[in-house]
Novice: 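Here it is, the structure in full.
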Amino acid sequence: MRMGLIPGDGVGIEVMAEVRKVLEATGLSVDLTEYDLGGARYLSTGEVLPDTVFHELSQCDAVLLGAVGHPDVPPGVLERGILLRLRFELDLAVNLRPVKLFPGVETVLAGQTSQTIDFRVVRENTEGLYVGSGGTIRTGSPDEIALQESINTRLGVERCIRFGFETACAHGENPELMLVHKTNVLTHAGGLWQRVFDEVAAEYPNVGVSYGHVDAVCLWMVADPGRFHTIVTDNLFGDIITDLGAGIAGGLGYAASGNLSLQPGVPSVFEPVHGSAPDIAGQGKANPVAAILSLWMALTELAETEAADRVLRAVETVAPDTVKVGTALSTSEVGDMIAGVI
Ligand code: NAD
Ligand code: IPM
Ligand code: MN
C-alpha cells in the first residue's frame, strides 16, 4: 500500500508526526513517502505543488495531509495551490466530515452528550463558490467590481447528493438525510440542489428526508444537535457548518475529514478539518486526534478494517485524557498515548 504524507505548515507538521507514529504502531506494511510542500518550500523556492509531485501523489492509494497556510504567504497561494488543486484535479467529489463527540470529551453545549452529538456532513467538494470563477474590474479604483460566481453542475450536485443518501444508509437503522442550502435566496443554485435532491430521494424510500436553511441549521446545531443524522450541502456551507460542528464536538482538535475520490485508481485525501493554527504552532499545544481520526477514515476507505478499528478503539480509550492537550499534555504525548494502546 502506497501512501503520500503532506505535513504542510504550522500544526500540520506537529500532528502529522503523531499520525506517522500511530500508523507505524498498527504494524501495517505501508510504503509512506513524505512530501515537503507548504510555506517553507514556497518561500525558499517559489514552488507550490510541482507537477511531478502532483503526479506522484496521484499514484498513491491514499494521501494524508496536515494543513497548509502560512502567515508570510498571501492567503490563497497555498490553500488554492495545494489543497484545492488536489481536490479539483483529482476530482475528489465529496468531503465527508463526521461530527462526533467522543465519550470523555467535553462539549460547550450544556445538556448534550456523545449520544446527541453524532452526525455527519457530506460536503460538495469541487464546485460552488470555490471554483474561482469571477474576477475584478477597475481593480483598486473607487469603481471596483468584484465577481465571485457559484458554479453548480447537475453532475457535481447529483453525485454529491447520491453519496449523501448512501452515507445516510450506511449509518444505522433509521437513515435520514437533510439537504442544507439557502434556497429562499439562492434560487438558481438552490433550485437545482432541491430538484436533484427530490429526484434522488424517490430512489431511497427508506431514507427520511428534510430540508434546512443554512442559517437555521446553525441554530439547531447549537440548540438541538440530536436532530441531525446526515447532512448534504454545498461547498461553502459545508465548510462553515463543519467548523461549527467541530465547535460543538470538542473543538477542531477532534474533527476529521476525507476528500473522497469516487473513481477507482484515484486516491482520496484525508485531513483534519483544522488549518495550520499559527496562533499555537510550534508549542506542542495542537490536538493530534483530528489528524489521527483522518488516518482512521483513510484505513476504513482502504478496507484495512482491522487496523482502522484498532485506531478508533485507541482514540476512544485515550479520549478522556486528550482534553489535557495544550495544558498538562503535549501533542506528542497524546500521540504516544494513542500509539501505545494500538
Ligand atoms: P485554524 O483551523 O488553523 O485555527 C482555528 C482555531 O482553532 C485556532 O484558534 C487554532 O488554535 C485552533 N486549532 C486548530 N487546530 C487545532 C488543533 N489541532 N488543536 C487545538 N486547537 C486547534 O484556522 P485559521 O486560523 O482560520 O487558519 C489558519 C491557516 O490555516 C490559514 O492560512 C488558513 O487558510 C489555513 N487553513 C488550512 C486548512 C487546511 O489545510 N485544510 C484548513 C483551514 C484553514
Ligand atoms: C477546510 C479549509 C479549506 C476550505 C481552505 C483552507 C481552502 O477551510 O478544509 O475546511 O475552505 O475548504
Ligand atoms: Mn474550513
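Here the structure is a predicted model, which is why all the values come from computation and not from measurement. Order of appearance sets the numbers: ligands from 1, and atoms from 1 within every ligand.
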Novice: Under 3.5 Å, is there a donor-acceptor pair between the side chain of Ser268 and the main chain of Ser261?
Specialist: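 A pair under 3.5 Å: yes.
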
Novice: Return yes if some donor-acceptor pair links the side-chain N/O of Glu176 with the main-chain N/O of Ala168 below 3.5 Å, else return no.
Specialist: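 Not confirmed, Glu176 side chain does not pair with Ala168 backbone.
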
Novice: NE2/His229 to OG1/Thr167 distance, rounded to the nearest 0.5 angstrom?
Specialist: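 Rounded to the nearest 0.5 Å, the NE2-OG1 separation comes to 10.0 Å.
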
Novice: Answer with yes or no whether the side chains of Glu127 and Thr153 bring together a donor and an acceptor at under 3.5 Å.
Specialist: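 Glu127 and Thr153 do have a side-chain donor-acceptor pair below 3.5 Å.
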
Novice: Is there a donor-acceptor pair under 3.5 Å between the side chain of Arg97 and the backbone N or O of Thr242?
Specialist: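 Not at all, since once roles are kept as given, no pair shorter than 3.5 Å links the two residues.
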
Novice: Got a sec, which pairs hit side-chain hydrogen bond (donor to acceptor under 3.5 Å, both in side chains) with one end in residues 56-71, sequence neighbours left out?
Specialist: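 Output for this query lists Tyr35-Glu56.
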
Novice: Quick one: nearest non-hydrogen protein atom to atom 11 (O) of ligand 2, plus distance?
Specialist: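 Nearest neighbour among protein heavy atoms for atom 11 (O) of ligand 2, to 0.1 Å: Tyr130 OH, 2.6 Å.
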
Novice: Okay, side chain of Tyr211, backbone of His181: is any donor-acceptor separation there less than 3.5 Å?
Specialist: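 A pair under 3.5 Å: yes.
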
Novice: Identify, by atom number and element, the atoms of ligand 2 in contact range of Glu79, meaning under 4.0 Å from any of its heavy atoms.
Specialist: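 Once the distances to Glu79 are compared, the set is 6 (C), 7 (C).
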
Novice: Can you work out which protein residues put a heavy atom within less than 4.0 Å of ligand 1?
Specialist: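 Around ligand 1, where the cutoff is 4.0 Å for heavy atoms, the contacting residues are Ala67, Val68, Gly69, Glu79, Leu83, Leu252, Gly253, Glu271, Val273, His274, Gly275, Ser276, Ala277, Pro278, Asp279, Ile280, Ala286, Asn287.
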
Novice: Indicate yes or no for a side-chain donor-acceptor contact from Glu166 to the backbone of Phe163 under 3.5 Å, with no hydrogens or angles considered.
Specialist: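 Pair absent, no side-chain N/O of Glu166 close to backbone of Phe163.
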
Novice: Purely on distance, is any nitrogen or oxygen of Arg123 under 3.5 Å from one on ligand 2?
Specialist: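 There is such a contact, yes.
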
Novice: What's the spacing between Asp91 CG and Leu86 CG if we round to 0.5 Å?
Specialist: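 Result: 12.5 Å between the selected atoms.
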
Novice: With Gln283, which residues qualify under side-chain contact (heavy atoms from CB on, under 4.5 Å), at least two apart?
Specialist: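 Here the qualifying residues are Lys285.
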
Novice: Do you know which of Asn259, Asn235, Thr233, Asp234 makes side chain to side chain donor-acceptor pair (under 3.5 Å) with Arg123?
Specialist: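 Only one option passes, and that is Asn235.
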
Novice: Could you grab the protein N, O or S atoms closer than 2.8 Å to the Mn ion (ligand 3) for me?
Specialist: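 Correct list: Asp239 OD1.
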
Novice: Is the closest heavy-atom distance from Arg97 to ligand 2 below 4.0 Å?
Specialist: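 The answer is yes, since Arg97 has a heavy atom less than 4.0 Å from ligand 2.
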
Novice: Answer yes or no: are there more than 12 heavy-atom neighbours, outside Asn174 itself, under 6.0 Å from its atom CG?
Specialist: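 No, because the 6.0 Å sphere around CG of Asn174 holds 12 heavy atoms or fewer from other groups.
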
Novice: Which ligand 2 atoms, with their elements, are less than 4.0 angstrom from a heavy-atom of Arg87?
Specialist: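 Those of ligand 2 that fall under 4.0 Å from Arg87 are 1 (C), 4 (C), 9 (O), 12 (O).
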
